[in-house]
2 protein chains.
Amino acid sequence: MSERQKSILDAAVRVIARAGVRGLRVEQLAAEAGISTALIYYHFGDRAGLLRRTLEHINEDAAGYTQQAAAKATDARGELELLLLLELQDTESVRTNSTAWGELRASAVFNEDLREPLAESTRVWVDEVAEVIRRAQASGSASPLADPLDAAERLTCLVEGLSERWLSGSMTIARARKLLRGAIAAELAER
Amino acid sequence: MSERQKSILDAAVRVIARAGVRGLRVEQLAAEAGISTALIYYHFGDRAGLLRRTLEHINEDAAGYTQQAAAKATDARGELELLLLLELQDTESVRTNSTAWGELRASAVFNEDLREPLAESTRVWVDEVAEVIRRAQASGSASPLADPLDAAERLTCLVEGLSERWLSGSMTIARARKLLRGAIAAELAER
DNA sequence: GTCTATAGGAAGATAGAC
DNA sequence: GTCTATCTTCCTATAGAC
(Lines give C-alpha, C1' and ligand atoms only; values in the text may rest on other atoms or scores of the structure.)
Protein backbone atom coordinates (compact mmCIF):
# COMPACT_ATOMS: atom_id res chain seq x y z
CA MET A 1 0.00 0.00 0.00
CA SER A 2 1.37 3.37 -1.02
CA GLU A 3 1.87 6.35 1.25
CA ARG A 4 -0.77 8.18 -0.72
CA GLN A 5 -3.30 5.45 -0.04
CA LYS A 6 -2.47 5.51 3.65
CA SER A 7 -2.97 9.23 3.82
CA ILE A 8 -6.33 8.92 2.07
CA LEU A 9 -7.40 6.22 4.54
CA ASP A 10 -6.30 8.33 7.50
CA ALA A 11 -8.36 11.18 6.12
CA ALA A 12 -11.29 8.82 5.62
CA VAL A 13 -11.22 7.81 9.29
CA ARG A 14 -11.32 11.49 10.26
CA VAL A 15 -14.21 12.21 7.95
CA ILE A 16 -16.14 9.17 9.20
CA ALA A 17 -15.57 10.23 12.80
CA ARG A 18 -16.91 13.66 11.96
CA ALA A 19 -19.83 12.74 9.73
CA GLY A 20 -20.31 8.98 9.92
CA VAL A 21 -20.11 6.34 7.23
CA ARG A 22 -23.50 7.62 6.20
CA GLY A 23 -22.15 11.13 5.89
CA LEU A 24 -18.94 10.33 4.09
CA ARG A 25 -18.91 12.23 0.82
CA VAL A 26 -16.19 11.43 -1.65
CA GLU A 27 -15.82 15.12 -2.41
CA GLN A 28 -15.45 15.96 1.26
CA LEU A 29 -12.86 13.25 1.68
CA ALA A 30 -10.95 14.63 -1.30
CA ALA A 31 -10.89 18.04 0.37
CA GLU A 32 -9.74 16.56 3.69
CA ALA A 33 -6.94 14.66 1.95
CA GLY A 34 -6.05 17.63 -0.25
CA ILE A 35 -6.55 15.80 -3.55
CA SER A 36 -9.16 15.40 -6.29
CA THR A 37 -12.10 13.00 -6.22
CA ALA A 38 -10.82 11.33 -9.37
CA LEU A 39 -7.71 10.19 -7.52
CA ILE A 40 -9.80 8.46 -4.88
CA TYR A 41 -11.62 6.51 -7.57
CA TYR A 42 -8.31 5.72 -9.21
CA HIS A 43 -7.00 4.17 -5.97
CA PHE A 44 -10.10 2.50 -4.57
CA GLY A 45 -12.41 1.86 -7.50
CA ASP A 46 -15.67 2.98 -5.95
CA ARG A 47 -17.17 4.19 -2.69
CA ALA A 48 -17.77 0.65 -1.40
CA GLY A 49 -14.16 -0.33 -2.02
CA LEU A 50 -13.02 2.75 -0.20
CA LEU A 51 -15.18 1.87 2.82
CA ARG A 52 -13.92 -1.69 2.95
CA ARG A 53 -10.32 -0.56 2.93
CA THR A 54 -10.99 2.12 5.52
CA LEU A 55 -12.47 -0.40 7.89
CA GLU A 56 -9.45 -2.67 7.57
CA HIS A 57 -7.33 0.36 8.27
CA ILE A 58 -9.24 1.12 11.49
CA ASN A 59 -8.72 -2.44 12.68
CA GLU A 60 -4.99 -2.28 12.15
CA ASP A 61 -4.83 0.92 14.19
CA ALA A 62 -6.81 -0.60 17.03
CA ALA A 63 -4.57 -3.66 17.22
CA GLY A 64 -1.59 -1.38 17.65
CA TYR A 65 -3.01 0.41 20.58
CA THR A 66 -4.06 -2.45 22.75
CA GLN A 67 -0.42 -3.40 22.92
CA GLN A 68 0.39 -0.10 24.56
CA ALA A 69 -2.01 -0.96 27.39
CA ALA A 70 -0.26 -4.24 28.07
CA ALA A 71 3.04 -2.46 28.49
CA LYS A 72 1.83 -0.03 31.19
CA ALA A 73 0.04 -2.45 33.52
CA THR A 74 1.67 -3.92 36.63
CA ASP A 75 -0.60 -6.95 36.98
CA ALA A 76 -3.17 -8.86 34.95
CA ARG A 77 -6.17 -7.28 36.61
CA GLY A 78 -4.76 -3.80 36.08
CA GLU A 79 -4.10 -4.69 32.48
CA LEU A 80 -7.72 -5.68 32.04
CA GLU A 81 -8.91 -2.35 33.40
CA LEU A 82 -6.51 -0.40 31.22
CA LEU A 83 -7.38 -2.41 28.15
CA LEU A 84 -11.10 -1.81 28.51
CA LEU A 85 -11.07 1.73 29.90
CA LEU A 86 -8.84 2.68 27.00
CA GLU A 87 -11.91 2.76 24.79
CA LEU A 88 -13.70 5.18 27.08
CA GLN A 89 -11.59 8.29 27.08
CA ASP A 90 -12.50 11.73 25.87
CA THR A 91 -9.43 12.29 23.75
CA GLU A 92 -9.52 13.05 20.07
CA SER A 93 -7.90 9.81 18.97
CA VAL A 94 -10.14 7.56 21.07
CA ARG A 95 -13.22 9.49 20.06
CA THR A 96 -12.25 9.23 16.42
CA ASN A 97 -11.60 5.51 16.56
CA SER A 98 -14.62 4.65 18.70
CA THR A 99 -16.89 6.66 16.48
CA ALA A 100 -15.54 4.99 13.38
CA TRP A 101 -15.82 1.57 15.01
CA GLY A 102 -19.43 2.19 16.00
CA GLU A 103 -20.20 3.33 12.49
CA LEU A 104 -18.58 0.25 11.10
CA ARG A 105 -20.66 -2.01 13.30
CA ALA A 106 -23.87 -0.15 12.52
CA SER A 107 -23.14 -0.27 8.80
CA ALA A 108 -22.48 -3.99 8.90
CA VAL A 109 -26.10 -4.54 9.85
CA PHE A 110 -27.02 -3.55 6.29
CA ASN A 111 -23.84 -4.34 4.42
CA GLU A 112 -22.91 -8.01 3.99
CA ASP A 113 -19.40 -7.14 2.82
CA LEU A 114 -18.46 -5.67 6.16
CA ARG A 115 -19.69 -8.49 8.35
CA GLU A 116 -16.92 -10.99 8.03
CA PRO A 117 -13.98 -8.64 8.63
CA LEU A 118 -15.89 -7.10 11.51
CA ALA A 119 -16.60 -10.46 13.13
CA GLU A 120 -12.94 -11.35 12.76
CA SER A 121 -11.71 -8.15 14.42
CA THR A 122 -14.23 -8.61 17.18
CA ARG A 123 -13.01 -12.13 17.75
CA VAL A 124 -9.41 -10.98 18.00
CA TRP A 125 -10.32 -8.34 20.58
CA VAL A 126 -12.47 -10.71 22.65
CA ASP A 127 -9.71 -13.33 22.65
CA GLU A 128 -7.19 -10.78 23.84
CA VAL A 129 -9.43 -9.80 26.74
CA ALA A 130 -10.14 -13.45 27.57
CA GLU A 131 -6.43 -14.15 27.69
CA VAL A 132 -5.86 -11.31 30.16
CA ILE A 133 -8.69 -12.64 32.32
CA ARG A 134 -7.07 -16.07 32.33
CA ARG A 135 -3.84 -14.52 33.52
CA ALA A 136 -5.70 -12.63 36.25
CA GLN A 137 -7.23 -15.91 37.38
CA ALA A 138 -3.86 -17.63 37.36
CA SER A 139 -2.37 -14.88 39.52
CA GLY A 140 -5.25 -15.07 41.98
CA SER A 141 -6.66 -11.59 41.31
CA ALA A 142 -9.82 -13.01 39.74
CA SER A 143 -12.21 -15.77 40.68
CA PRO A 144 -11.29 -19.05 38.96
CA LEU A 145 -14.98 -19.87 38.59
CA ALA A 146 -15.78 -17.33 35.91
CA ASP A 147 -15.61 -18.51 32.30
CA PRO A 148 -13.00 -16.22 30.72
CA LEU A 149 -14.54 -16.22 27.26
CA ASP A 150 -18.03 -15.45 28.52
CA ALA A 151 -16.71 -12.66 30.71
CA ALA A 152 -14.60 -11.24 27.89
CA GLU A 153 -17.51 -11.23 25.49
CA ARG A 154 -19.80 -9.58 28.02
CA LEU A 155 -17.26 -6.93 28.94
CA THR A 156 -16.37 -6.02 25.37
CA CYS A 157 -20.06 -5.88 24.46
CA LEU A 158 -20.64 -3.63 27.42
CA VAL A 159 -17.80 -1.37 26.31
CA GLU A 160 -19.45 -1.05 22.90
CA GLY A 161 -22.80 -0.31 24.49
CA LEU A 162 -21.36 2.30 26.85
CA SER A 163 -19.35 3.86 24.08
CA GLU A 164 -22.44 4.26 21.89
CA ARG A 165 -24.39 5.82 24.74
CA TRP A 166 -21.57 8.20 25.40
CA LEU A 167 -21.09 9.19 21.76
CA SER A 168 -24.81 9.59 21.21
CA GLY A 169 -25.15 11.88 24.19
CA SER A 170 -27.13 9.61 26.50
CA MET A 171 -24.38 9.25 29.11
CA THR A 172 -21.33 11.13 30.35
CA ILE A 173 -17.90 9.63 29.91
CA ALA A 174 -17.32 9.67 33.67
CA ARG A 175 -20.45 7.63 34.28
CA ALA A 176 -19.54 5.18 31.52
CA ARG A 177 -16.14 4.62 33.12
CA LYS A 178 -17.63 4.14 36.55
CA LEU A 179 -20.13 1.58 35.27
CA LEU A 180 -17.44 -0.32 33.42
CA ARG A 181 -15.25 -0.53 36.52
CA GLY A 182 -18.21 -1.91 38.43
CA ALA A 183 -18.82 -4.52 35.76
CA ILE A 184 -15.21 -5.65 35.81
CA ALA A 185 -15.41 -6.07 39.57
CA ALA A 186 -18.64 -8.04 39.26
CA GLU A 187 -17.28 -10.33 36.56
CA LEU A 188 -14.14 -11.16 38.49
CA ALA A 189 -15.69 -11.45 41.95
CA GLU A 190 -16.32 -14.71 43.75
CA ARG A 191 -19.96 -15.69 43.72
CA MET B 1 -52.23 11.59 15.27
CA SER B 2 -54.26 10.24 12.35
CA GLU B 3 -54.44 6.62 11.29
CA ARG B 4 -52.71 7.59 8.08
CA GLN B 5 -49.78 9.02 9.99
CA LYS B 6 -49.53 5.88 12.09
CA SER B 7 -49.47 3.70 9.02
CA ILE B 8 -46.72 5.84 7.47
CA LEU B 9 -44.67 5.58 10.66
CA ASP B 10 -45.14 1.82 10.79
CA ALA B 11 -43.92 1.64 7.22
CA ALA B 12 -40.96 3.88 8.11
CA VAL B 13 -39.89 1.50 10.87
CA ARG B 14 -39.99 -1.38 8.39
CA VAL B 15 -37.98 0.51 5.79
CA ILE B 16 -35.39 1.58 8.37
CA ALA B 17 -35.08 -1.99 9.59
CA ARG B 18 -34.46 -3.12 6.03
CA ALA B 19 -32.19 -0.36 4.77
CA GLY B 20 -31.11 1.77 7.70
CA VAL B 21 -31.76 5.42 8.43
CA ARG B 22 -29.32 6.41 5.74
CA GLY B 23 -30.93 4.02 3.32
CA LEU B 24 -34.39 5.39 3.93
CA ARG B 25 -35.61 6.97 0.72
CA VAL B 26 -38.79 8.94 0.87
CA GLU B 27 -39.84 7.39 -2.40
CA GLN B 28 -39.24 3.89 -1.07
CA LEU B 29 -41.22 4.71 2.04
CA ALA B 30 -44.07 6.00 -0.11
CA ALA B 31 -44.12 2.70 -2.00
CA GLU B 32 -44.05 0.72 1.26
CA ALA B 33 -46.96 2.74 2.60
CA GLY B 34 -48.81 2.66 -0.71
CA ILE B 35 -49.02 6.43 -1.08
CA SER B 36 -47.25 9.30 -2.86
CA THR B 37 -44.11 11.07 -1.64
CA ALA B 38 -45.98 14.36 -1.57
CA LEU B 39 -48.30 13.03 1.10
CA ILE B 40 -45.37 12.21 3.33
CA TYR B 41 -44.14 15.78 3.07
CA TYR B 42 -47.63 17.02 3.70
CA HIS B 43 -47.79 15.09 6.98
CA PHE B 44 -44.22 15.41 8.27
CA GLY B 45 -42.75 18.52 6.67
CA ASP B 46 -39.37 17.16 5.73
CA ARG B 47 -37.18 14.10 6.02
CA ALA B 48 -35.77 15.15 9.40
CA GLY B 49 -39.23 15.65 10.84
CA LEU B 50 -40.19 12.24 9.59
CA LEU B 51 -37.19 10.68 11.34
CA ARG B 52 -37.92 12.43 14.60
CA ARG B 53 -41.51 11.24 14.59
CA THR B 54 -40.43 7.73 13.66
CA LEU B 55 -38.10 7.65 16.65
CA GLU B 56 -40.93 8.67 18.97
CA HIS B 57 -43.10 6.01 17.37
CA ILE B 58 -40.53 3.31 18.04
CA ASN B 59 -40.35 4.38 21.66
CA GLU B 60 -44.09 4.16 22.12
CA ASP B 61 -44.09 0.65 20.69
CA ALA B 62 -41.31 -0.38 23.01
CA ALA B 63 -43.12 1.02 26.03
CA GLY B 64 -46.15 -1.03 25.11
CA TYR B 65 -44.24 -4.19 24.96
CA THR B 66 -42.42 -3.99 28.20
CA GLN B 67 -45.81 -4.01 29.87
CA GLN B 68 -46.58 -7.38 28.35
CA ALA B 69 -43.46 -8.73 30.03
CA ALA B 70 -44.60 -7.50 33.40
CA ALA B 71 -47.88 -9.31 33.01
CA LYS B 72 -46.35 -12.73 32.32
CA ALA B 73 -43.78 -12.86 35.09
CA THR B 74 -44.40 -14.61 38.39
CA ASP B 75 -41.80 -12.76 40.43
CA ALA B 76 -39.59 -9.66 40.14
CA ARG B 77 -36.50 -11.55 39.10
CA GLY B 78 -38.38 -13.42 36.41
CA GLU B 79 -39.81 -10.12 35.24
CA LEU B 80 -36.31 -8.72 34.89
CA GLU B 81 -35.23 -11.65 32.75
CA LEU B 82 -38.28 -11.42 30.55
CA LEU B 83 -37.95 -7.67 30.21
CA LEU B 84 -34.35 -7.85 29.03
CA LEU B 85 -34.47 -11.07 27.02
CA LEU B 86 -37.44 -9.64 25.17
CA GLU B 87 -35.00 -7.54 23.12
CA LEU B 88 -33.02 -10.57 22.07
CA GLN B 89 -35.42 -12.70 20.09
CA ASP B 90 -35.24 -13.69 16.48
CA THR B 91 -38.76 -12.72 15.56
CA GLU B 92 -39.62 -10.26 12.88
CA SER B 93 -41.04 -7.65 15.19
CA VAL B 94 -38.13 -7.68 17.62
CA ARG B 95 -35.62 -7.67 14.80
CA THR B 96 -37.37 -4.75 13.16
CA ASN B 97 -37.55 -2.74 16.34
CA SER B 98 -34.02 -3.51 17.49
CA THR B 99 -32.59 -2.68 14.11
CA ALA B 100 -34.42 0.61 13.99
CA TRP B 101 -33.38 1.42 17.55
CA GLY B 102 -29.74 0.70 16.77
CA GLU B 103 -29.94 2.90 13.69
CA LEU B 104 -31.38 5.77 15.63
CA ARG B 105 -28.72 5.49 18.29
CA ALA B 106 -26.00 5.41 15.65
CA SER B 107 -27.56 8.33 13.82
CA ALA B 108 -27.76 10.39 17.01
CA VAL B 109 -23.97 10.39 17.15
CA PHE B 110 -24.05 12.77 14.19
CA ASN B 111 -27.49 14.28 14.48
CA GLU B 112 -28.08 16.72 17.35
CA ASP B 113 -31.84 16.65 16.86
CA LEU B 114 -32.12 13.01 17.77
CA ARG B 115 -30.07 13.16 20.93
CA GLU B 116 -32.48 14.55 23.40
CA PRO B 117 -35.46 12.32 22.59
CA LEU B 118 -33.12 9.35 22.48
CA ALA B 119 -31.65 10.16 25.89
CA GLU B 120 -35.14 10.55 27.27
CA SER B 121 -36.32 7.17 25.97
CA THR B 122 -33.18 5.57 27.27
CA ARG B 123 -33.81 7.08 30.68
CA VAL B 124 -37.36 5.74 30.75
CA TRP B 125 -36.19 2.24 29.90
CA VAL B 126 -33.35 2.30 32.44
CA ASP B 127 -35.70 3.54 35.16
CA GLU B 128 -38.15 0.77 34.44
CA VAL B 129 -35.43 -1.83 34.73
CA ALA B 130 -34.11 -0.23 37.92
CA GLU B 131 -37.57 -0.35 39.43
CA VAL B 132 -37.88 -4.07 38.72
CA ILE B 133 -34.48 -4.63 40.31
CA ARG B 134 -35.64 -2.77 43.42
CA ARG B 135 -38.64 -5.04 43.63
CA ALA B 136 -36.42 -8.10 43.23
CA GLN B 137 -34.30 -6.83 46.10
CA ALA B 138 -37.35 -6.20 48.25
CA SER B 139 -38.59 -9.72 47.66
CA GLY B 140 -35.21 -11.21 48.51
CA SER B 141 -34.43 -12.61 45.05
CA ALA B 142 -31.58 -10.13 44.51
CA SER B 143 -28.74 -8.94 46.67
CA PRO B 144 -29.64 -5.72 48.48
CA LEU B 145 -26.07 -4.49 48.06
CA ALA B 146 -26.23 -3.80 44.33
CA ASP B 147 -27.12 -0.26 43.27
CA PRO B 148 -30.30 -0.69 41.20
CA LEU B 149 -29.62 2.23 38.89
CA ASP B 150 -26.04 1.18 38.16
CA ALA B 151 -27.12 -2.38 37.52
CA ALA B 152 -29.99 -1.26 35.29
CA GLU B 153 -27.77 0.98 33.25
CA ARG B 154 -25.15 -1.73 32.81
CA LEU B 155 -27.71 -4.36 31.85
CA THR B 156 -29.51 -2.19 29.33
CA CYS B 157 -26.19 -1.10 27.82
CA LEU B 158 -25.21 -4.73 27.57
CA VAL B 159 -28.48 -5.54 25.83
CA GLU B 160 -27.74 -2.85 23.26
CA GLY B 161 -24.21 -4.14 22.76
CA LEU B 162 -25.35 -7.73 22.39
CA SER B 163 -28.13 -6.73 20.07
CA GLU B 164 -25.73 -4.85 17.78
CA ARG B 165 -23.35 -7.82 17.67
CA TRP B 166 -26.20 -10.11 16.83
CA LEU B 167 -27.65 -7.87 14.12
CA SER B 168 -24.24 -7.22 12.59
CA GLY B 169 -23.48 -10.93 12.37
CA SER B 170 -20.75 -11.15 15.00
CA MET B 171 -22.74 -13.32 17.41
CA THR B 172 -25.61 -15.80 17.36
CA ILE B 173 -28.84 -14.97 19.12
CA ALA B 174 -28.50 -18.04 21.34
CA ARG B 175 -25.10 -16.92 22.56
CA ALA B 176 -26.34 -13.38 23.16
CA ARG B 177 -29.16 -14.72 25.32
CA LYS B 178 -26.85 -16.96 27.26
CA LEU B 179 -24.45 -14.12 27.98
CA LEU B 180 -27.25 -11.85 29.09
CA ARG B 181 -28.60 -14.45 31.51
CA GLY B 182 -25.13 -14.76 32.99
CA ALA B 183 -24.87 -11.01 33.42
CA ILE B 184 -28.20 -10.79 35.19
CA ALA B 185 -27.07 -13.49 37.59
CA ALA B 186 -23.80 -11.68 38.20
CA GLU B 187 -25.47 -8.33 38.82
CA LEU B 188 -27.95 -9.75 41.31
CA ALA B 189 -25.60 -12.11 43.13
CA GLU B 190 -24.16 -11.52 46.58
CA ARG B 191 -20.56 -10.47 46.49
C1' DG C 1 -55.92 15.06 1.97
C1' DT C 2 -54.05 13.15 -1.90
C1' DC C 3 -52.21 12.85 -6.40
C1' DT C 4 -49.02 13.65 -10.78
C1' DA C 5 -45.36 15.92 -12.52
C1' DT C 6 -41.22 18.11 -12.09
C1' DA C 7 -37.90 21.54 -10.36
C1' DG C 8 -33.55 21.79 -8.32
C1' DG C 9 -29.64 20.17 -6.31
C1' DA C 10 -26.38 16.95 -4.40
C1' DA C 11 -23.31 13.16 -4.95
C1' DG C 12 -21.06 9.24 -7.37
C1' DA C 13 -18.45 8.29 -11.13
C1' DT C 14 -15.80 8.94 -15.62
C1' DA C 15 -13.32 11.16 -19.82
C1' DG C 16 -9.42 12.98 -21.32
C1' DA C 17 -5.42 16.10 -20.81
C1' DC C 18 -0.96 16.40 -18.63
C1' DG D 1 -0.55 9.32 -10.86
C1' DT D 2 -3.05 13.31 -10.78
C1' DC D 3 -6.00 16.98 -12.27
C1' DT D 4 -10.16 19.72 -14.32
C1' DA D 5 -14.39 19.42 -16.16
C1' DT D 6 -18.49 17.18 -16.72
C1' DC D 7 -21.96 13.50 -17.12
C1' DT D 8 -25.52 11.05 -15.03
C1' DT D 9 -28.10 9.36 -11.64
C1' DC D 10 -30.64 9.69 -7.73
C1' DC D 11 -33.19 12.03 -4.22
C1' DT D 12 -35.51 15.69 -1.56
C1' DA D 13 -38.92 18.80 -1.90
C1' DT D 14 -42.58 21.67 -4.07
C1' DA D 15 -46.24 23.38 -7.45
C1' DG D 16 -50.62 22.92 -8.74
C1' DA D 17 -54.75 20.13 -9.96
C1' DC D 18 -58.46 17.50 -7.96
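Just so we're on the same page: letters track the sequence lines, and every chain starts at 1. Quantities reported herein were computed from a predicted structural model and do not represent experimental measurements. Hydrogens, waters and symmetry mates play no part in the numbers below; they use all other heavy atoms, side chains included.
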Test item: B:Gln89 side-chain N/O and B:Leu86 main-chain N/O as donor-acceptor pair under 3.5 Å: yes

Within 6.0 Å of CD in B:Glu116, more than 12 heavy atoms from elsewhere: no

Test item: B:Arg135 and B:Ser141 side chains (from C-beta on) under 4.5 Å apart, heavy atoms: no

Exercise: identify the closest heavy-atom pair between A:Leu114 and A:Ser107: CD1-CB, 3.8 Å

5'-most by nearest nucleotide on DNA chain C - B:Arg22 or B:Arg4: B:Arg4

Rounded distance (Å) that lies between atom C1' of D:dC10 and atom CZ of A:Arg25: 12 Å

Length of the CZ-P vector between B:Arg47 and D:dC11, whole Å: 10 Å

Contact nearer the 5' end of DNA chain C, comparing A:Val26 with B:Gln5: B:Gln5

Bounds of contact between DNA chain C and chain B, in 5' to 3' order, using a heavy-atom cut-off under 4.0 Å: C:dG1 to C:dT4

Inter-end axis angle, the helix from C:dG1-D:dC18 to C:dC18-D:dG1, with every axis fitted to five base pairs (rounded, 10 degrees): 0°

Donor-acceptor contact present, side-chain A:Glu79 to main-chain A:Ala73, <3.5 Å: no

Pairs meeting criterion salt bridge (Lys or Arg N to Asp or Glu O under 4.0 Å) with involvement of residues 27-48 of chain B, two or more places apart: B:Arg14-B:Glu32, B:Arg18-B:Glu32

Joint cluster assignment, B:Leu55 & B:Val26, ILVMFWY side-chain distance < 4.5 Å: yes

Length of the CG-C1' vector between B:Leu39 and D:dT12, whole Å: 16 Å

Sugar-phosphate, base or nothing in reach of A:Leu50, heavy atoms under 4.0 Å: nothing

Rounded distance in Å - CD1 (A:Ile40) to P (D:dT4): 13 Å

Cluster link B:Leu158 to B:Ile133, ILVMFWY, side chain under 4.5 Å: yes

